[in-house]
Amino acid sequence: MDELVAQRIAKLEELRRLGIDPYPPRWERTHTSREVIAIVEALPPEASEAEGVEVRVAGRVMARRDMGKATFIDILDGAGRLQVLLRANATEGYDLLRLVDLGDFVGFTGVPIRTRTGQPTVAASSWTMLAKALHAPPEKYHGLADPDLRQRRRYLDLMANEETRRVFEIRSKTVAAIRRFLDDRGFMEVETPILQVTEGGAAARPFVTHFNALDEPRVLRISLELFLKRLLVGGFERVYEIGRNFRNEGMSFKHNPEFTMLESYQAYADYNDVAAMTEEMISTVARQVLGTTTITFRGQEIDLAPPWRRMTFFEALKAHGGPDLDVFTDADSLRAELRRRGLPVTDQMGYGKLADEAMSHYVEPNLIQPTFLLDYPVELSPLAKRKPGNPRLVERFECFIAGFECGNAYTELNDPLDQRQRFEQQLALKAAGDDEVELVDEDFLFALEHGMPPTGGFGMGIDRLVMLLTGQSSIREVILFPPVRSIED
RNA sequence: GGGCCCGUAGCUCAGCGGUAGAGCAGUGGACUUUUAAUCCAUUGGUCGAGAGUUCGAAUCUCUCCGGGCCUACCA
């Protein structure tokens, strides 16, 4: 066995021999580190001690400065770090401190004091082992740097790196702020199936599993859309879901196979209403979580305050040197033009995919400040309603911040006959070799045939929003436990 | 998938053909206001795995394993 582990187990056994449980079931804490610091900071300047105040604090031992008859221990609790002073003539069990290692959870009873350097500290009258750690924590100064270990053993990353803790606190506050925003506007949070018969609502390859009780195959959902729309058919007027989607595809700095999506649907709204809600929601969330609407991402300062820039898909393509889609109106001519421009296009790509390819090449990287791209080609958007007066386009926007997409919305297609046609067009694309198309979902069509009110829908990748708000340039840094290859022992 | 890079002590890293090093952590000792405490002493390694080249490989070559960054596709 590892020598360091053996040493710690020996200490643990010595505690037991002394009648001390190294893993006691309960120990009452009265104050967090932050509360103790507040007590000390509230003391009059000449006072060095909160006389008569007894606090019980607890946390993980992060550092230890042993000076013979006095020892300083830094603990980390959920609120932050706190220094504890133990003295041979003032702390019960001082000689047993040799059984305390870095990483242990320890409780201290004592008085808040100010040291002569002014640092808030608990002068301990006693200490108690709360949980013995068998492994040393990461290096105290450099922390945990190995990117593999940081993700594989996130708990070590969290205990060693304050920035990591900050990122996930912001993530939690972001989701809470989104819920608050939607709840305040009369939206109802719902949950829909993750295990589905047919994947739908997006174009992506699914994870496949088997449902034993029904003895049927199932796929993990790739979007939330089609079930939420069934709820609009049912009569709920404002619904949203925040949930995990699964796409069995590649990983990149902005893609993870399981990712968290927000989708909301609002009856009697169109995509313009949704755009207004989007810019208000994201700026509100930023203000609540960060206290500002200004963020820095990859060295670029970005202002999330509304109103955001709006331009049409066609305009944006022209403005950034891409092809004019009013000139190249069919798949063959557009494909030839993109090929002439040296873009990687294939014969399998339909008009929508080609237009999207051009957009992501010419436009997307340039959309640093928040921008709505409006009015997408119909071929790219089988679930969106056509734009009145222009059957080539649908009422859809995607919003871009810092050069990547972070939201997508439609005026939802509620014409069941048109919806069936669109599904059939997707089938034709599949026949032509595109394996990432929207599949026909008869059950959804049947629901739509019962009537869905005019509806504005919205989808947003939560992980990407958190990347923006925390300044993290990789999605894996905002996911607590990103997928890692398993290691064979 | 393509390109570049990394894997050495529990952690952070040096060493880059001549028998394995530092700091932190650990162990023993000194020290009653330190805070990357300090000072003295000291334990700890199949140098990711395997094969090859060589008198000799952590170091060079190849294969594999794990990881990172960039790049391409879906949010």
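Computed from heavy atoms alone, side chains included, the values below leave out hydrogens, waters and symmetry copies. Labels below follow one simple rule: chain letters A, B, ... track the order of the sequence lines, proteins then strands, and each chain is numbered from 1.
Regarding A/L338, its CG atom lies at a distance of 12 Å from the P atom of B/C73, rounded to whole Å. Rounded to a whole Å, the CD atom of A/Q151 is 12 Å from the C1' atom of B/C69. Look at CG on A/D146: it is 12 Å from C1' on B/C13, rounded to the nearest Å. Rounded to whole angstrom, the span from the CG atom of A/L4 across to the P atom of B/C24 amounts to 15 Å. Protein atom CZ of A/R485 is 13 Å distant from nucleotide atom C1' of B/G68, rounded to whole Å. The CG atom of A/D356 sits 12 Å away from the C1' atom of B/A75 (whole-angstrom rounding). Computed from coordinates, the A/N161 CG to B/C11 C1' distance equals 11 Å when rounded to whole Å. In this structure, CG of A/L343 is placed 16 Å from P of B/U71, rounded to the nearest angstrom.
Comparing the P positions of B/C4 and B/G17 gives a spacing of 22 Å, expressed to the nearest Å. Nucleotides B/C47 and B/C60, compared at atom P, are 16 Å apart to the nearest Å. One C1' atom belongs to B/C62, the other to B/A57, and the distance between them is 15 Å to the nearest Å. Using atom C1' as the reference point in both B/A20 and B/U46, the two lie 13 Å apart (nearest Å). For the C1' atoms, the distance from B/C55 to B/U63 is 26 Å, rounded to whole Å. Separating the P atom of B/G48 from that of B/C16 is a span of 16 Å, rounded to the nearest Å. When the C1' atom is used for both B/U43 and B/G21, the distance is 15 Å, rounded to whole Å. Atom C1' of B/U42 sits at a distance of 14 Å from the matching atom of B/A25, rounded to the whole Å.
Side-chain N/O atoms of A/R8 include none lying less than 4.0 angstrom from OP1 or OP2 on B/G26. Here A/R244 does not reach the OP1 or OP2 of B/A75: none of its side-chain N or O atoms lies under 4.0 Å away.
The listed nucleotides are B/A25, B/A75, B/G68; the one nearest the side chain of A/E405 is B/A75. Here the nucleotide nearest the side chain of A/R152, chosen from B/A25, B/G66, B/C11, is B/G66.
With a cut-off of 3.5 Å on both Watson-Crick or G-U wobble distances, the partner of B/A22 is given as B/U12. The partner of B/A41, taking Watson-Crick or G-U wobble pairs whose two distances both stay under 3.5 Å, is B/U27. In a base pair of the Watson-Crick type (N1 to N3 plus N6-O4 or O6-N4) or a G-U wobble (N1-O2 and O6-N3), with each distance short of 3.5 Å, B/C64 is matched with B/G48. Both distances falling under 3.5 Å, in either a Watson-Crick or a G-U wobble arrangement, occur for no nucleotide opposite B/G56. Taking a pair to require two hydrogen-bonding distances under 3.5 Å in either a Watson-Crick or a G-U wobble arrangement, B/C69 pairs with B/G3. In this structure B/U33 sits in no base pair that meets the Watson-Crick or G-U test at under 3.5 Å.
Both tests hold for A/R230 against A/F227: distance to the six-membered ring centre under 6.0 Å, angle to the ring axis within 45°. Geometrically, A/R60 does not engage A/Y155 in a cation-pi contact, judged by NZ or CZ lying under 6.0 Å from the ring centre and within 45° of the ring axis.
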Find every protein N or O atom lying less than 3.5 Å from an N or O atom of nucleotides 45-49 of chain B, and list the pairs.
none

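In terms of modelled atom types and a separation under 3.5 Å, the side chain of A/S125 and the main chain of A/T109 share a donor-acceptor contact. Looking only at distances, no side-chain donor or acceptor of A/Y240 sits under 3.5 Å from a matching main-chain atom of A/Q266. Side-chain atoms of A/E249 come within 3.5 Å of backbone N or O of A/R205 as a donor-acceptor pair.
Within the nucleic acid shown, A/N256 comes within 4.0 Å of at least one base atom, counting heavy atoms only. Using a 4.0 Å heavy-atom distance criterion, A/G407 is classed as making no nucleic acid contact. Looking at heavy-atom distances under 4.0 Å, A/R150 makes no contact with the nucleic acid at all. Within the 4.0 angstrom heavy-atom criterion, no nucleotide atom of any strand lies near A/L156. Within the 4.0 angstrom heavy-atom criterion, base atoms lie near A/M251.
Taking the six-membered ring where the residue is Trp, A/F397 and A/Y271 present parallel rings, their angle staying beneath 30° rather than reaching 60°.
Sequence order on RNA chain B of the closest nucleotides to A/A203 and A/S473 puts A/S473 first from the 5' end.
A/A275 and A/F372 get closest at one heavy-atom pair: O-CZ, 3.2 Å. A/L102 and A/R8 get closest at one heavy-atom pair: O-NH2, 2.9 Å. Closest non-hydrogen pair, A/R247 versus A/A204, comes out as CD-CB, 3.5 Å.
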### Message
What does the B/S/- profile of nucleotides 27-40 of chain B look like, 5' to 3', with a 4.0 Å heavy-atom cutoff to protein?
### Response
S---BBBBBBB---
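Of the N and O atoms on the side chains of A/E263 and A/Y265, at least one donor lies less than 3.5 Å from an acceptor on the other residue.
Atom CG of A/L334 sits about 9.5 Å away from atom CG of A/L343, to the nearest 0.5 Å.
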Compile the donor-acceptor pairs under 3.5 Å between side chains in residues 75-82 of chain A and protein atoms, sequence neighbours left out, one pair per line.
residue, atom, partner, partner atom, Å
A/D77, OD1, A/S33, OG, 2.7
A/D77, OD1, A/A79, N, 2.8
A/D77, OD1, A/G80, N, 3.0
A/D77, OD2, A/S33, N, 2.7
A/D77, OD2, A/S33, OG, 3.4

